[in-house]
Amino acid sequence: MDDLRDRLLVRVVAITRMRVHFEISALRATKWYEYALRFLFGGTITVVTGVLASHYGPVFGGLFLAFPAIFPASATLVEKHEREKKQRAGIVKTIRGREAAALDARGAAIGSVGLIGFAFTAWRLVPIWNGALALSAALVVWMTLSILIWLLRRHAFVRKGRAGAAPQLPPKG
Amino acid sequence: MQLLIRFIVGGAVVSLFAAFGDAVKPKSFAGLFSAAPSVAMATLGLTIMTEGKLFVATESRSMVLGGIALFLYAMAAIHLMMKYQVDAARAAILALTAWMICAIGSWYVLLR
């Protein structure tokens with residue numbers, strides 16, 4: 001378990017050195033059928049949620065508004081792309097893909113706290129505000145809460161790394 | 001017809017958030033978009049128009065429990081990938097058990 005924590009810590013410390021930025025070229029790495037699969041999955045989950053809510057009521061149907069609709073496809077793609085990148089560099093056996101997917105999951109865990117904020121805000125504001133405005137406010141809460149927690153964790157990891165708690169980073173590649 | 005609209009809007013919103021997550025770096029930050037309220041954004045607007053605000057407020061209250069289940073889902077996926085060395089696709093599917101147990105269990109205990 002300590003080894004597991006150390007390995008993730010090394011990756012997180014490495015990542016905390018990166019600035020948040022867009023890489024438009026990353027969009028080209030995703031193939032058309034991967035986009036189609038996500039569309040299909042997202043559409044299906046949305047329809048299923050609606051059907052469940054109309055058949056079993058909003059109390060049960062509402063649970064599925066937080067169904068992991070994006071994570072399964074994105075984690076699989078992250079792992080696949082990372083593995084392919086390593087294979088192109090001549091590294092056949094690598095755990096880098098799985099580690100990258102685990103980092104994606106770590107982000108999803110933080111985002112889910114933001115999602116709870118989204119749901120709470122929508123629950124309290126939708127009955128008393130204009131619908132579009134209440135949902136926009138809920139979206140802002142999700143974004144703000146998620147980014148704040150992500151920044152706080154990054155700050156904590158940087159401090160931990162500086163204090164020498166993090167093991168040495170492995171050589172590049 | 002309404003189901004078709006839901007399907008198209010849902011597919012588009014989920015794809016949009018997912019593409020955003022693809023383009024953002026570093027990966028832990030991009031992961032935030034894996035828990036984006038994509039299904040909720042696609043569904044709730046349409047539901048306000050068809051079922052009314054109280055219906056949506058009730059759905060959102062249940063979504064709080066779904067969100068807690070999503071947190072446990074992500075933690076379970078991390079554990080499966082890093083401790084048990086399960087690949088991402090299998091971990092994402094296996095962890096759905098954690099989501100189901102937590103979401104449906106909390107509905108059964110607290111909201112039913």
Side-chain angles (χ1 to χ4, degrees), chain A residues 4 8 15 18 20-24 26-27 30 35 38-39 42-43 45-47 49-50 53 58-63 65-72 74-76 79 98 100-113 115-116 118-120 122-123 126-127 131 135 142 146 150, chain B residues 3 6-8 10-11 14-15 17-19 21-32 34-40 42-45 48 53-71 73-75 77-78 81-83 87-89 92 99 103 107 111:
Chain A
L4 158 78
L8 257 186
I15 274 161
M18 288 173 76
V20 174
H21 64 284
F22 280 98
E23 263 177 36
I24 301 298
L27 292 175
T30 307
Y35 281 115
R38 283 168 165 183
F39 186 91
I45 294 294
T46 310
V47 168
T49 305
V59 177
F60 185 74
L63 295 170
L65 293 175
F67 189 82
I70 299 176
F71 179 78
S74 74
T76 309
E79 185 186 49
R98 208 173 58 240
L103 278 172
D104 196 56
R106 182 183 282 272
I110 295 170
S112 65
V113 179
L115 194 76
I116 295 167
F118 173 95
F120 187 83
W123 170 31
V126 163
L135 290 181
W142 165 72
S146 301
W150 184 82
Chain B
L3 287 183
R6 272 180 190 271
F7 181 82
I8 293 169
V14 166
S15 301
F17 275 110
D22 282 348
V24 174
K25 301 280 177 256
K27 283 185 186 71
S28 64
F29 188 83
L32 299 180
S34 291
S38 52
V39 179
T43 302
L44 294 180
I48 286 176
K53 286 179 168 186
L54 279 180
F55 193 95
V56 166
T58 312
E59 277 194 319
S60 303
R61 188 189 60 177
S62 295
M63 193 187 164
V64 172
L65 295 180
I68 295 168
L70 186 65
F71 177 79
Y73 167 86
M75 297 311 286
I78 295 172
M81 284 187 271
M82 296 310 290
K83 192 177 180 196
D87 63 71
W99 188 88
W107 164 79
L111 301 175

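Below, chains carry the letters A, B, ... as their sequence lines are ordered, and counting in each starts from 1.
In terms of heavy-atom pairs under 4.5 angstrom with chain B, the leader among A/F71, A/W142, A/F22 is A/W142. When the candidates A/Y35, A/F67, A/F120 are compared by the number of heavy-atom contacts under 4.5 Å with chain B, A/F67 comes out ahead. Across A/V126, A/L63, A/D104, A/T76, the residue that shares the most heavy-atom pairs under 4.5 angstrom with chain B is A/L63. For the set B/L65, B/L32, B/L54, B/D87, the entry with the most heavy-atom pairs within less than 4.5 Å of chain A is B/L32. In terms of heavy-atom pairs under 4.5 angstrom with chain A, the leader among B/A30, B/G66, B/G45 is B/G66. Taking chain A as the reference chain and counting heavy-atom pairs below 4.5 Å, the highest number among B/S62, B/G10, B/S15 is found for B/S62. Interface summary for chain A: among B/L111, B/V64, B/I48, the most heavy-atom pairs under 4.5 angstrom belong to B/V64. Comparing B/A74, B/A23, B/A42 by heavy-atom pairs within less than 4.5 Å of chain A, the highest count is held by B/A23. Counting heavy-atom pairs under 4.5 Å between each of B/S60, B/A92, B/G67 and chain A puts B/S60 at the top.
Looking at B/W99, its side chain does come within 3.5 Å of a backbone N or O of A/A66 through a donor-acceptor pair.
Proximity to chain B is limited to the side chain of A/F118, based on heavy atoms less than 4.5 angstrom apart. With a 4.5 Å cut-off on non-hydrogen atoms, B/A36 touches chain A through its backbone and its side chain both. Proximity to chain B involves both the backbone and the side chain of A/S146, based on heavy atoms less than 4.5 angstrom apart. Both the backbone and the side chain of B/T58 come within less than 4.5 Å of a heavy atom in chain A. Of the atoms belonging to B/Y73, it is side-chain heavy atoms, and not backbone ones, that fall under 4.5 Å from chain A.
Two residues are said to be in side-chain contact when any heavy atoms from C-beta on lie closer than 4.5 Å; B/L70 and A/P68 meet this criterion. In this structure the side chain of A/I70 never reaches within 4.5 angstrom of the side chain of A/R38, judged on heavy atoms.
Of the inter-residue distances, the one linking B/S34 atom OG with A/L115 atom CG reads 12.0 Å to the nearest 0.5 angstrom. Remark: A/L103 CG to B/M82 CE distance equals 8.0 Å, nearest 0.5 Å.
Not counting sequence neighbours, A/S112 has no partner by the side-chain hydrogen bond (donor to acceptor under 3.5 Å, both in side chains) test. Annotation: side-chain hydrogen bond (donor to acceptor under 3.5 Å, both in side chains) contacts of A/T46 (sequence neighbours excluded): none.
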Quiz item: side chain to side chain contact (heavy atoms under 4.5 Å, CB included) between B/V14 and A/I45: does it pass, once the steps are laid out?
Solution: CA-CA 10 Å; B/V14 166; A/I45 294 294; over 6 Å; no
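No donor-acceptor contact under 3.5 angstrom links the side chains of B/T43 and A/T49, judged on distance only.
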